[in-house]
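Keep in mind that what you see is a predicted model, and the values were worked out from it rather than measured. Every chain is numbered from 1, with letters handed out A, B, ... down the list of sequences. Computed over heavy atoms, backbone and side chain alike; hydrogens, waters and symmetry mates excluded.
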Amino acid sequence: MIDASRNLYAILGIPPEATADDIREAYRIMARRFHPDANHNQGADVQFRDIAAAYSVLSNPGDRLRYDEARHHFHDEPAYFSLRAIPSKRVLSTLVEPQVLYLLLDIVPAQRVISARRANAPMNLTLVLDRSTSMRGARLDKVKIAAHHIIDQLSPQDVLAVVSFSDRADVLIPATSVTDKTSLRSTVSIMRADGGTEIYHGLAAGVAECRKYLAPRMVNHVILLTDGRTFGDEERCLALARQAAEDGIGISAMGIGEEWNDEFLDALAAATGGSSAYINTPRAVLQFLDERVRSLGDAFAERLQLTIAPDADVLLESAFRLNPHPQPLEVERQPIPLGTLEKNRSIRALVQLQMPPSSKAGFRSVVRLDVTGDVLVADRPQYKVISDIAVELAHEPSPEQPPTAILDALGKLTLYRMQQKAERALTQGWALEAARQLENLATRLFAAGQDELAHKAAQEARRVSRTQAFSQEGRKSLKFHTRQLLALPEPGNDVP
Amino acid sequence: MKTCPYCGAENREGVLFCEECGQPFVGQADVPDTSRLDPENHETFKGRMTWGTARFAEGASVLIRIRDVAEPLVFEPGAETIIGRLDPSASESPDIDFAPYDAAELGVSRRHGMIRRGEDTLTLVDLGSTNGTFLNGQRLIPHQPRVLRDGDEVRMGRFVFNIFFR
């Protein structure tokens with residue numbers, strides 16, 4: 001049985017009427033770019049497996065014929081989503097030294113498909129709520145109110161589970177369709193604060209509940225809410241998250257207050273394409289959970305995965321999801337989970353590459369990008385788009401202004417990175433360096449019109465040079481607010 | 001490579017914001033490609049960019065060199081040294097008075113800024129001046145002290161001077 005849902009010709013970069021010679025030649029070129037012997041990038045490895053599989057079908061005349069016949073069913077398949085990539089420069093100078101190239105990626109849902117299709121995809125949602133002693137009082141009350149609010153928003157086609165945890169986990173509501181809202185609400189109300197914080201137990205129970213109704217046509221997601229650090233089980237949590245991502249479950253993590261381990265929650269969210277956020281007041285819990293659930297409810301496609309496969313001599317340095325939910329992406333593990341593609345919001349990411357020294361003018365390929373996702377609104381699993389990016393090299397290119405969108409995004413990303421740098425300097429014990437970075441950050445924020453954040457940065461700079469330490473509140477607030485600057489204004493979102 | 005005009009850090013070609021200090025490189029046509037410079041020129045070009053020391057020893061004094069003025073001002077900073085221009089109608093007078101150098105026309109406020117002495121550093125503070133204080137091209141946040149380094153360029157309004165430690 002031949003799987004015709006993928007366009008094998010596109011994978012080899014050739015038209016469907018290509019001759020046997022064309023196919024062989026295309027494979028040779030692709031192998032030179034991506035074969036694991038020549039190219040050690042994670043993404044290249046992923047790509048080459050696809051390329052080899054495509055070649056094995058198309059190079060066999062009998063298989064190719066059967067594939068072409070089966071592929072007929074997909075001929076009038078619309079483009080469900082598209083991938084656009086803009087480089088920071090279209091024509092690079094030939095240089096004897098390496099140079100940096102940025103790519104701005106947009107994954108855009110096709111409007112035509114949206115308007116023709118039915119309402120929201122059903123949700124399979126699990127809330128994992130921290131009920132450790134430190135949550136007692138306003139925090140837990142707000143969490144309950146937020147959970148009630150979510151129950152009210154869900155419809156009978158949705159599935160909900162609620163797990164509470166301290167140093168052990170309790171399944172308050174086993175995964176069930178949301179029909180009897182009153183009883184669900186009262187079950188949440190009986191949650192009482194008690195015990196320590198061990199995230200793994202809660203997360204494991206939550207993922208297990210989510211798995212019960214796991215379905216490709218649903219949005220499968222776990223939302224973790226905690227105010228504490230977990231001790232010693234971070235690695236187990238991350239392994240669990242990666243497994244969950246492979247099964248198609250996303251995880252979003254929210255930290256309340258000042259104690260929680262932001263790097264851990266970041267890693268947890270990045271492993272599944274989810275998001276992480278910082279909530280500094282109990283009141284904001286509702287807003288964040290609400291936004292998260294609304295965003296999941298607006299899902300157009302789920303389980304989006306991005307592969308970035310640079311050519312063998314190109315270095316992939318970093319990638320950052322700008323929108324929605326700004327989040328650093330882990331490029332060491334590919335494919336990179338990107339989470340949900342919403343109906344009205346494109347996914348935008350910025351990729352930083354280093355080009356090798358080169359004296360040869362002319363066009364050259366740089367990177368292959370590949371996005372795969374399950375299109376919920378059309379019941380089309382594993383829809384794939386591929387984009388090969390090429391640039392021109394010239395000896396004396398005419399000056400070129402980088403695209404405004406890249407400047408804008410990178411300018412803000414730079415602010416976030418400066419904050420990260422100050423943090424790193426401080427963990428190495430370089431307080432003066434950290435203070436200097438924070439002073440720079442304050443100046444840039446001030447220039448960007450972010451007076452309040454600028455003052456916060458200046459305040460932390462003084463604190464760091466005095467006490468060699470950040471305030472927990474200041475550090476998290478700077479990190480998540482500089483990150484938040486990256487988010488584009490949301491269309492049609494009138495959150496006050 | 002290109003050198004950041006603000007902090008002197010070396011950045012690779014193609015970088016759009018200094019990876020060290022965040023300074024934007026775009027619209028800065030005057031930032032040269034060092035790869036096209038020969039090594040000798042490279043050195044002279046870099047000379048100005050390096051950072052001076054931030055350490056201000058006990059007993060040291062400050063030398064202010066005003067652009068286009070031959071004779072520098074030298075003083076030993078106290079706990080707080082107010083910089084501005086003397087206005088005959090006002091009762092207070094600044095410790096460092098720029099009035100003789102057309103300071104009023106160049107936008108220096110009466111109490112424009114202040115040099116504050118720390119343990120072994122000096123900091124520069126803008127006192128909420130009308131036209132702002134710039135340290136090496138970056139505008140200071142009013143009332144937020146910034147550490148001064150030997151050789152730093154300070155601009156108050158359009159009045160430019162350099163600070164050296166002696």
Side-chain angles (χ1 to χ4, degrees), chain A residues 87-89 92-102 315 317 352-355 357 391 396 399-404 406-419 421 432-433 435-437 439-448 451 454-455 457-459 461-462 465-466 482, chain B residues 1-4 6-38 42 51 53-55 116 118-121 123-126 132-149 152:
Chain A
S88 55
K89 269 185 176 178
L92 307 181
S93 331
T94 50
L95 285 178
V96 295
E97 58 188 47
Q99 56 186 316
V100 173
L101 181 71
Y102 303 95
L315 215 64
E317 297 197 321
Q352 182 171 332
L353 302 164
Q354 178 181 285
M355 303 292 293
V391 291
E396 293 286 336
E400 183 184 357
Q401 185 73 1
T404 327
I406 291 189
L407 283 179
D408 191 49
L410 194 61
K412 291 171 180 161
L413 186 55
T414 302
L415 295 175
Y416 173 71
R417 285 201 177 134
M418 287 166 76
Q419 180 277 336
K421 231 169 169 180
L432 266 179
E433 170 66 15
R436 198 166 66 82
Q437 287 291 349
E439 277 182 16
N440 282 338
L441 176 62
T443 315
R444 301 290 166 214
L445 284 167
F446 195 50
D451 291 17
H455 280 291
Q459 216 175 357
R462 279 200 304 281
S465 53
R466 228 182 20 244
T482 48
Chain B
M1 298 286 241
K2 57 185 162 193
T3 308
C4 173
Y6 174 65
C7 73
E10 299 264 323
N11 282 274
R12 289 168 295 170
E13 280 301 319
V15 168
L16 298 174
F17 293 82
C18 175
E19 294 193 319
E20 179 63 26
C21 72
Q23 166 87 13
F25 288 154
V26 186
Q28 310 254 332
D30 50 339
V31 178
D33 284 340
T34 52
S35 38
R36 299 220 175 84
L37 295 177
D38 49 304
H42 189 174
W51 288 64
T53 175
R55 192 181 137 73
R116 188 183 283 157
E119 236 165 71
D120 50 2
T121 54
T123 50
L124 179 68
V125 186
D126 178 82
T133 303
F134 298 77
L135 180 58
N136 298 317
Q138 276 191 331
R139 184 169 184 157
L140 298 191
I141 305 168
H143 307 291
Q144 303 281 354
R146 284 281 304 268
V147 173
L148 276 175
R149 288 178 161 78
D152 275 351

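- When B/Val147, B/Leu140, B/Ile141 are each tested for a side-chain contact (heavy atoms from CB on, under 4.5 Å) with A/Glu439, only one passes: B/Val147.
- For A/Leu101, no part sits under 4.5 Å from any heavy atom of chain B, backbone or side chain.
- Across A/Ala435, A/Pro402, A/Ala461, the residue that shares the most heavy-atom pairs under 4.5 angstrom with chain B is A/Pro402.
- The distance from the CZ atom of B/Phe17 to the CZ atom of A/Arg444 is 9.5 Å, given to the nearest 0.5 Å.
- Chain B forms the most heavy-atom pairs under 4.5 Å with one residue out of A/Arg417, A/Glu317, A/Met355, and that residue is A/Glu317.
- Using modelled atom types, one finds a donor on one side chain and an acceptor on the other under 3.5 Å when comparing B/Glu20 with A/Gln437.
- Legend: residues meeting side-chain hydrogen bond (donor to acceptor under 3.5 Å, both in side chains) with A/Gln354, ordered by chain and number and at least two apart, are B/Arg12.
- Of the candidates B/Gln144, B/Arg146, B/Arg139, B/Arg146 is the only one forming a side-chain contact (heavy atoms from CB on, under 4.5 Å) with A/Thr443.
- Options A/Ser465, A/Ala442, A/Gly411, A/Pro399 differ in how many heavy-atom pairs under 4.5 Å they form with chain B, and the most are formed by A/Gly411.
- For the ring pair (Phe, Tyr, Trp, His ring centres under 6.0 Å) test, no residue two or more places apart in sequence or in another chain qualifies with A/Phe446.
- In terms of non-hydrogen atom pairs under 4.5 Å with chain B, the most contact-rich of A/Lys89, A/Arg462, A/Gln459 is A/Arg462.
- For the pair A/Thr414 and B/Cys18, the tightest heavy-atom approach, listed with the atom from each and the gap, is CG2-O, 4.4 Å.
- B/Gln138 is listed as a side-chain neighbour of A/Asn440, based on a closest heavy-atom distance under 4.5 Å.
- Only the side chain of A/Ile406 comes within less than 4.5 Å of a heavy atom in chain B; its backbone stays farther off.
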